[in-house]
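The structure under discussion appears below in the form of structure tokens.
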Amino acid sequence: MQISLKTRLALFSSLIAIALTILASLGSQFLAFRDLQALLEQQQSSQVKLVAEQLDTKFEDRSEMLRHLVAELQGKFPSSPSHANAILHSLPLPLAFDNLFFIDPKGNVDYSTAPLGAQRLNVSDRAYFQEALRTRDVVISDPVYSRSSHTPMVYMVAPVIAADGRVVGMLGGALNLLKPNFLGRIAHHRIGVTGYYCLVSGGPRALYVMHRDTAQLGKAAHLTGENCGEQMQPSRYEFLAPNAALVSRYILQSTGWELVAVVPANEAYAPLRAMHTRMKTIAIVVAAIAGVAAWLATWYLLAPLSRLRDVVQRSHEDDAAYESLVLQRNDEIGEVGREFASLMSQLNLQNDALRRSEAELRAGELRMRNIADHLPSLVAYLDRNERYVFNNHAYEREFGRPAAELRGMHIRDLLGEEAYQRLQPYLRRAFAGEEISFETSELVQGGGMLWTEALYQPEWNADHTEVVGIHILVRDITAEKAEVERLDALTQLDHLTGIANRKGFDRRLAVAVDDANLARIPFALLYLDLDHFKTVNDTYGHACGDALLQTFSMQILGCIRKTDTVARLGGDEFAIVIDGINHPEQVTRVARDILEATRMPFVFGTQIIPMGVSIGIALSQPEHNTVDDIKARADAALYRAKQNGRHQFAVDGDASTAA
């Protein structure tokens, strides 16, 4: 059984209406899911950040408390620590820790407010003890199990330094992760109704500092993407039925630990699930209505087609049947009838219009020729034999010969053999049917450079099987090139300091690497970071920070050669490229000059602010240098300079540093 066109169109329209309704419903659900997810993530991230900042504040308070106690202890500590217990008993013991303890320089725990047991404890192998000896500053440990109580603990220790500079012991405070201190309370702190927190240590070996399951404390966690142990398996169509928990993370400033908040999907997306149920019902009803409406509308709109078919069928027996369409109908069928009746008259009108069009075409060609003659650019047309068919007046000004004399001349005869050989590859591609655009340059009198842009556009024959000629447009772009170069130079400067920015630095470093590999010209890369710059910004304001950056950049410029490049990479990060070095001492001398220049404090208004800079130095290798390698080596050296106490420099590959 053959289905009529009207029925097929009605069915097709109904299916399209239903499909569009379903797609609109799915799109609405996707957008609602995305917007709700973004809102929830923003709210949850704000809450996690607030909790993390509270933790940072508590760690900082306890660090300051230890420093204060150490300061009191240093004033009372004898040359020999044999009376340490009596001195420690005289100190006020803060309630911020679960217990306090004292460790001698060999790692033995001499004193503790908690029972030590029968065996004397030694913690010299503990990482926090070794780190405190190295840095001589307050150290916060990763979670470890106490050797006396076998419970998970976090230790904060501060070295006690005698007047002669020796470390005579360490004062420490312990936080028991099973007690309701500020860390222990995290495990019981809720986000939402069913959401919870966990805390993961940083470093190469991540451990759970706090978890709602106390059995996980001190156990390994994921270094990145930690979800408090939750299995995150988002479905392919997550927006239809969310089952992945909502996770937010924040890094603690004081410890580098990561605070993780997890809200199960059932709670996070409960409003979305209810909305999905309502939308499914609405979508089914709307899809059914849309399908029926599309079917009826299509059936009604295509009814004239059936009547047109009847008229065509009657026209086989009645030659005047079409007249009813002309006289009675004003729709598409009537238009078809009228068009047929006026076919011959329209043919005559078209012939008249064709003659008028030819006259207008000739007039248009004349106008286009006049326009081309007034253009400053060179406009020409070459035939298949590479001979000029048309040249505008710009050719007369350029070559000093009348345009009529140029027509019929071969392009080689006008431009010369050398220029013709340069252009021949472009001509060959254009005659092959390719539209070509290219730029050329040449020296002019006075030492300047003339830039031109040429466009070769092929012209095909009537059936588009062969290129019969080429339209040529050549224009002077010297001024445009100069402006582009000027703007490009501006994009390579830092707006605050006036020195090179990261873009300018990357270009200069790439040139230095190429020179080192190809011409064996050695160079050095210096990475510089202002010490404690964030503290200056936070304490004295961004205006003071900007003034400090400008002063520092001028100090650097005063310590290097004009041929060297200094750049601000962003924030308080700077870099210097020194090329043509003859000896490493030449580079270290520059680093010492910069350190010396920044020893004087920076004065901003009535504020006197101490300055300091850490410098990492990497020297190019005799061969096979890469941009990424020398950047990584300079960055590693900078990190070592910071780790060794700041306001000094370190050279990649050299174990020593200089202040």
Side-chain angles (χ1 to χ4, degrees), residues 449 485-530 549-598 613-642 647-659:
M449 185 69 71
E485 292 177 358
R486 184 185 71 83
L487 294 176
D488 185 60
L490 290 177
T491 63
Q492 298 182 46
L493 296 179
D494 178 58
H495 71 282
L496 177 63
T497 60
I499 60 178
N501 58 14
R502 183 177 290 276
K503 178 180 178 181
F505 164 74
D506 288 339
R507 290 192 179 183
R508 181 64 189 86
L509 181 59
V511 171
V513 169
D514 290 341
D515 290 344
N517 290 333
L518 300 177
R520 297 295 188 269
I521 300 176
F523 73 96
L525 173 61
L526 285 70
Y527 272 359
L528 303 88
D529 268 5
L530 280 170
L549 293 174
Q550 293 170 339
T551 300
F552 180 60
S553 63
M554 294 300 295
Q555 290 174 336
I556 297 177
L557 290 173
C559 298
I560 63 174
R561 304 170 301 181
K562 292 184 178 180
T563 56
D564 300 329
T565 300
V566 59
R568 179 182 174 219
L569 306 183
D572 62 332
E573 300 175 359
F574 290 76
I576 304 175
V577 178
I578 302 177
D579 53 9
I581 60 174
N582 299 318
H583 193 274
E585 179 61 24
Q586 181 179 353
V587 181
T588 57
R589 185 166 56 252
V590 171
R592 291 190 179 94
D593 290 344
I594 295 173
L595 293 174
E596 185 62 28
T598 55
V613 61
S614 300
I615 305 174
I617 303 173
L619 302 174
S620 63
Q621 300 173 346
E623 54 185 80
H624 191 58
N625 296 277
T626 66
V627 170
D628 292 339
D629 175 67
I630 197 161
K631 281 184 177 181
R633 292 193 287 115
D635 191 64
L638 175 61
Y639 177 78
R640 185 153 53 86
K642 290 182 178 181
H647 197 66
Q648 58 182 281
F649 69 85
V651 182
D652 174 62
D654 188 352
S656 65
T657 61

Residue pair K631 / D506: nearest heavy atoms and the distance that separates them: NZ-OD1, 3.2 Å
Distance, nearest 0.5 Å, that separates CG of L528 from CD1 of I594: 5.0 Å
CA sep, side-chain torsions, deciding dist, call: F574, I499, side-chain contact (heavy atoms from CB on, under 4.5 Å): CA-CA 10 Å; F574 290 76; I499 60 178; 3.8 Å; yes
Does D629 use its side chain to pair, donor to acceptor, with the backbone of T626 at less than 3.5 Å? no
Any side-chain heavy-atom pair of L530 and L549 under 4.5 Å: yes
Does a side-chain heavy-atom distance below 4.5 Å link Y639 with D635? no
Report yes or no: does S620 contribute a side-chain atom to a donor-acceptor pair with the main-chain N or O of F523 at less than 3.5 Å? yes
Interatomic distance, CZ@R502 vs CG@D494, rounded to 0.5 Å, equals 11.0 Å
Has the side chain of R568 got a donor or acceptor atom that lies under 3.5 Å from a matching backbone atom of G498? no
Any side-chain to backbone donor/acceptor pair from R633 onto L619? Under 3.5 Å, distance only. yes
Write down the atom of I615, the atom of A591, and the distance for their closest heavy-atom approach. CD1-O, 3.8 Å
Is the closest side-chain heavy-atom distance between T565 and F505 below 4.5 Å? no
Under 4.0 Å between a side-chain nitrogen and a carboxylate oxygen: does that hold for R592 and E585? yes
Side chains of L509 and I630 in contact at under 4.5 Å (non-hydrogen atoms): yes
Sub-3.5 Å donor-acceptor pair from the side chain of N625 to the main-chain atoms of Q621, do we have one? yes
Using only heavy-atom distances, determine whether the side chains of S553 and Q550 contain a donor-acceptor pair under 3.5 Å. no
Interatomic distance, CZ@R561 vs CD1@I578, rounded to 0.5 Å, equals 6.5 Å
Output for pair (L638 CG, D529 CG), nearest 0.5 Å, gives 5.0 Å
Between the CG atom in D593 and the OG1 atom in T598, the distance rounded to the nearest 0.5 Å is 10.5 Å
Kindly indicate whether the side chain of V577, heavy atoms from C-beta on, has any atom under 4.5 Å from the side chain of D564. no
Between E573 and L569, is there a donor-acceptor pair closer than 3.5 Å when you use the side chain of the first and the backbone of the second? no
Any idea which heavy atoms bring T563 and R508 closest together, and the distance? O-NH2, 4.5 Å
Scanning both residues in full, the closest heavy-atom pair of A597 with Q555 reads O-NE2, 3.3 Å
Roughly how far, to the nearest 0.5 Å, is the CD1 atom of I521 from the CG atom of D515? 4.5 Å
